[in-house]
Participant: 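This structure is in structure tokens; I'll ask about it shortly.
Treat the numbers as computed from the prediction; the structure is a model and nothing was measured. What you see below is based on every heavy atom in this structure, not just the backbone, and it leaves out hydrogens, waters and symmetry mates.
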Amino acid sequence: AARRIDQARPALDDDSAAAHEHDTLVAGAGLSDPAAVRVLVTEGPERIRDLIALGVEFDRGADGTLVKGLEAAHSYPRVLHAGGDATGSVIEKALVAQLRASGATIVEHAFLVDLVLDDTGRVRGVDLLIADARREAIVADAVILATGGVGQLYAHTTNPPVATGGGIAAAGRLAARPAAPRPEQS
């Protein structure tokens, strides 16, 4: 992995953070949080190195260097892919492999039914429907809702069938609002 990270360094360090920031803000058409964009463009190369160290196999040329594409509003080729057009899947598989190796408890095929509250009204866990067969409440010190998109709310979507907006709905039942709602790419 160290060799592949070292090979990535020149390919990731040849860009300008200022130019990347400008391109991203222009593409965002006023919807991008400038502070978040700044983090993305300044920390992005190191996070890519982290992903490589975790086993993500980004597409590479015959010489072993990262293949970078020029896409959308970018003025410089800086878009990486893995497995061609399967980047999300490749990253997910590598991260899941790391998670499994960590010994963490993993609950698969679970649908968020609702949030579990304590007597003071604070969120203390989740109520899940597992494999469409059984309900299970899991108590936690902290709950982060990262339940996917809302593509299934639309008649036509490329999102997977599980992208039902359940996390947003559960938060909404508590009168909570997503911190950073964005247009849906369906």
Side-chain angles (χ1 to χ4, degrees), residues 21 24-25 27-44 46-56 72 79-83 85-186:
E21 181 176 0
T24 303
L25 291 171
L31 296 175
S32 302
D33 176 343
V37 170
R38 199 160 301 110
V39 170
L40 168 77
V41 302
T42 57
E43 295 184 15
E46 196 56 38
R47 298 300 73 82
I48 294 296
R49 290 182 192 99
D50 291 344
L51 289 171
I52 293 168
L54 290 168
V56 175
V79 179
L80 299 178
H81 290 282
D85 197 29
T87 307
S89 178
V90 171
I91 292 172
E92 179 183 350
K93 287 176 183 172
L95 295 179
V96 167
Q98 290 292 320
L99 181 62
R100 288 187 192 290
S102 77
T105 300
I106 300 171
V107 180
E108 295 187 276
H109 310 290
F111 178 83
L112 175 67
V113 175
D114 217 339
L115 298 170
V116 174
L117 305 179
D118 66 15
D119 294 338
T120 68
R122 293 181 56 108
V123 175
R124 289 296 181 209
V126 293
D127 179 14
L128 303 174
L129 176 62
I130 301 173
D132 292 329
R134 65 183 171 88
R135 298 271 294 266
E136 182 176 339
I138 299 175
V139 177
D141 293 330
V143 175
I144 298 171
L145 293 175
T147 56
V150 298
Q152 295 306 312
L153 298 178
Y154 301 97
H156 303 286
T157 181
T158 58
N159 287 180
V162 296
T164 62
I168 294 171
R173 286 191 290 277
L174 299 178
R177 291 189 336 238
R182 295 290 181 252
E184 177 69 19
Q185 180 181 357
S186 59

Participant: Inspect the surroundings of CD1 in Ile144 and state if more than 12 heavy atoms from other residues, nucleotides or ligands are less than 6.0 Å away.
Facilitator: no
Participant: Less than 4.5 Å apart, any side-chain heavy atom of Leu95 and any of Leu51?
Facilitator: yes
Participant: Considering only residues two or more places apart or on different chains, which pairs with a residue in residues 155-165 satisfy salt bridge (charged side-chain N to carboxylate O under 4.0 Å, His left out)?
Facilitator: none
Participant: What's the separation between atom CG in Leu40 and atom OG1 in Thr24, rounded to the nearest 0.5 Å?
Facilitator: 6.0 Å
Participant: Can you list the residues that meet the side-chain contact (heavy atoms from CB on, under 4.5 Å) rule with Asp118, with sequence neighbours excluded?
Facilitator: Thr120, Arg122, Arg124
Participant: Which pair of non-hydrogen atoms, one from Val56 and one from Ala94, has the smallest distance, and what is that distance?
Facilitator: CG2-CB, 3.6 Å
Participant: Applying salt bridge (charged side-chain N to carboxylate O under 4.0 Å, His left out), which residue pairs with at least one partner in residues 157-176 are found, sequence neighbours left out?
Facilitator: Asp114-Arg173
Participant: List, one per line, each side-chain donor-acceptor pair under 3.5 Å for residues 164-172, sequence neighbours excluded.
Facilitator:
none

Participant: How far apart are the closest heavy atoms of Arg38 and Thr42, and which atoms are they?
Facilitator: O-OG1, 2.7 Å
Participant: Which residues satisfy the salt bridge (charged side-chain N to carboxylate O under 4.0 Å, His left out) test with Arg135, sequence neighbours excluded?
Facilitator: Asp127
Participant: Going by side-chain contact (heavy atoms from CB on, under 4.5 Å), name the residues that satisfy it together with Leu174, two or more places apart in sequence or in a different chain.
Facilitator: Leu115, Leu117, Val123
Participant: Which heavy atom of Ala137 sits nearest to which heavy atom of Val116, and what is that distance?
Facilitator: CB-CG2, 4.4 Å
Participant: Measure across Leu25 and Ser32 and return the closest heavy-atom pair with its distance rounded to 0.1 Å.
Facilitator: CD2-CB, 3.9 Å
Participant: Suppose the criterion is side-chain hydrogen bond (donor to acceptor under 3.5 Å, both in side chains): which pairs have a residue in residues 86-95, not counting sequence neighbours?
Facilitator: His81-Thr87
Participant: What pairs with Gln152 under side chain to side chain donor-acceptor pair (under 3.5 Å), at least two apart in sequence or on another chain?
Facilitator: none
Participant: Under the rule for salt bridge (charged side-chain N to carboxylate O under 4.0 Å, His left out), what residues qualify as partners of Asp141, not counting sequence neighbours?
Facilitator: none
Participant: Below 4.5 Å, heavy atoms only, C-beta onward: do Leu128 and Leu112 meet side chain to side chain?
Facilitator: yes
Participant: Who are the salt bridge (charged side-chain N to carboxylate O under 4.0 Å, His left out) partners of Glu136, not counting sequence neighbours?
Facilitator: Arg134
Participant: Could you note down all residue pairs passing side-chain hydrogen bond (donor to acceptor under 3.5 Å, both in side chains) where residues 99-109 supplies at least one of them, sequence neighbours left out?
Facilitator: Arg100-Glu108
